[in-house]
Peer 1: 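One structure, as structure tokens, below. Some questions next.
Quick note: numbers below take in every heavy atom, side chains included, and nothing from hydrogens, waters or symmetry partners.
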Amino acid sequence: MAAAQQLTISLPDWINEVVDWQKTYADDDEKMALAVELSKQNVLRGTGGPFGSAIFACDSGKLLSVGVNRVMPMHNSAAHGEMVAIMLAGQQLQSFSLNADGVKRELFTSCEPCAMCLGGTLWSGVKRLVCAATADDARAIGFDEGPVDSSSYQYLADAGIEVVRLVQRDEANAVLQHYATGGGEIYNG
């Protein structure tokens with residue numbers, strides 16, 4: 001068997017049914033509602049795990065990219081919602097840094113990021129991270145979020161990334177609970 005020479009990361013076909021790419025998102029609640037809805041639809045449609053993310057321009061509220069967890073359908077442990085959104089945003093901008101064009105951007109995610117996604121957030125160039133459900137909520141249903149603690153978030157703050165937590169936590173945690181009670185696979189438990 002020859003080694004794989006190419007990798008493609010893709011969103012599920014339903015994304016354009018859920019995402020209004022022309023909408024201007026006015027505030028944190030509207031932006032987070034999109035991230036949570038993405039996580040919910042990903043579970044309901046059976047296209048991945050219970051996590052969704054979206055990246056916006058801080059000043060205009062313009063949506064740049066979205067991501068949903070694609071770990072199982074893509075057989076790729078790095079295809080977390082945040083990482084997919086970051087990768088697609090970079091491709092859209094044709095840059096490895098999401099602030100290379102001078103626009104400050106923010107990442108909204110339906111759950112506090114795991115260790116990998118926190119690293120991706122740091123390196124992505126976003127200037128703001130907004131989270132819904134907590135890492136403890138994810139751990140409570142069996143996900144292992146890795147070595148994330150208060151110093152992880154302090155590191156982001158020291159690097160100039162504002163962190164906001166608990167925006168629509170109850171709604172996002174309900175998606176996690178639905179995934180767990182529906183028999184959703186805990187792929188790293």
Peer 1: More than 12 non-hydrogen atoms from neighbouring residues, nucleotides or ligands closer than 6.0 Å to CD on Glu162, yes or no?
Peer 2: yes
Peer 1: Show the nearest heavy-atom pair for residues Val36 and Ala172, with the distance to one decimal.
Peer 2: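 Nearest heavy atoms, Val36 then Ala172: CG2-CB, 3.9 Å.
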Peer 1: Once rounded to the nearest 0.5 Å, what's the spacing between atom CG of Leu63 and atom CD of Gln92?
Peer 2: 9.5 Å
Peer 1: Measuring from atom CD of Gln41 to atom CH2 of Trp14, what distance do you get when rounded to the nearest 0.5 angstrom?
Peer 2: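 These two atoms lie 6.0 Å from each other.
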Peer 1: Taking the six-membered ring for Trp, are the ring centroids of Phe51 and Tyr179 within less than 6.0 Å of each other?
Peer 2: no
Peer 1: When rounded to the nearest 0.5 angstrom, what distance separates CD in Gln177 from OG1 in Thr181?
Peer 2: 7.5 Å
Peer 1: Can a donor-acceptor pair be found between the side chains of Glu112 and Thr134 at a distance below 3.5 Å?
Peer 2: no
Peer 1: Quick one: CD on Glu37 to OG on Ser110, what's the gap to the nearest 0.5 Å?
Peer 2: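 Going from the CD atom of Glu37 to the OG atom of Ser110 covers 11.0 Å.
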Peer 1: Quick check against the 3.5 Å criterion: does Arg70 have a side-chain atom that pairs as donor or acceptor with the backbone of Thr47?
Peer 2: yes
Peer 1: Between Val130 and Val163, does the side chain to side chain contact (heavy atoms under 4.5 Å, CB included) criterion hold? Intermediate values first, please.
Peer 2: CA-CA 6 Å; Val130 183; Val163 177; over 6 Å; no
Peer 1: Taking all heavy atoms of Pro12 and all of Asn42, pick out the closest pair and write down the distance.
Peer 2: CG-OD1, 4.0 Å
Peer 1: So if you build clusters from Ile, Leu, Val, Met, Phe, Trp, Tyr with side-chain heavy-atom gaps below 4.5 Å, do Leu176 and Leu166 land together?
Peer 2: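 Result: no, two separate clusters.
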Peer 1: If you count heavy atoms of other groups shown closer than 6.0 angstrom to CH2 of Trp21, is the number above 12?
Peer 2: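 Yes - once you tally the heavy atoms of other residues, nucleotides and ligands closer than 6.0 Å, there are more than 12.
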Peer 1: What about Tyr25 and Phe108, are their ring centers closer than 6.0 Å?
Peer 2: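 No, the ring of Tyr25 stays outside the 6.0 Å limit from the ring of Phe108, centre to centre.
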Peer 1: What is the distance from atom CG of Leu107 to atom NZ of Lys127, rounded to the nearest 0.5 Å?
Peer 2: 13.5 Å
Peer 1: Charged N to carboxylate O below 4.0 Å: is that the case for Glu171 and Lys40?
Peer 2: no
Peer 1: To the nearest 0.5 Å, what is the distance between CE on Met83 and OG on Ser53?
Peer 2: 10.5 Å
Peer 1: Please confirm whether the backbone N or O of Asp28 pairs with a side-chain atom of Glu30, one donor and one acceptor, at under 3.5 Å?
Peer 2: no
Peer 1: Residues two or more places apart in sequence or in another chain: which of them pass side-chain contact (heavy atoms from CB on, under 4.5 Å) with Ala157?
Peer 2: Gln154
Peer 1: Do NZ/NE/NH1/NH2 and the carboxylate oxygens of Asp13 and Arg45 come within less than 4.0 Å?
Peer 2: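 Salt bridge: no.
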Peer 1: Hey, any chance Phe96 and Leu98 share a hydrophobic cluster, counting ILVMFWY side chains that come within less than 4.5 Å of each other, even indirectly?
Peer 2: no
Peer 1: Linking I/L/V/M/F/W/Y whenever any side-chain heavy atoms sit under 4.5 Å apart, do Leu88 and Val103 land together?
Peer 2: no
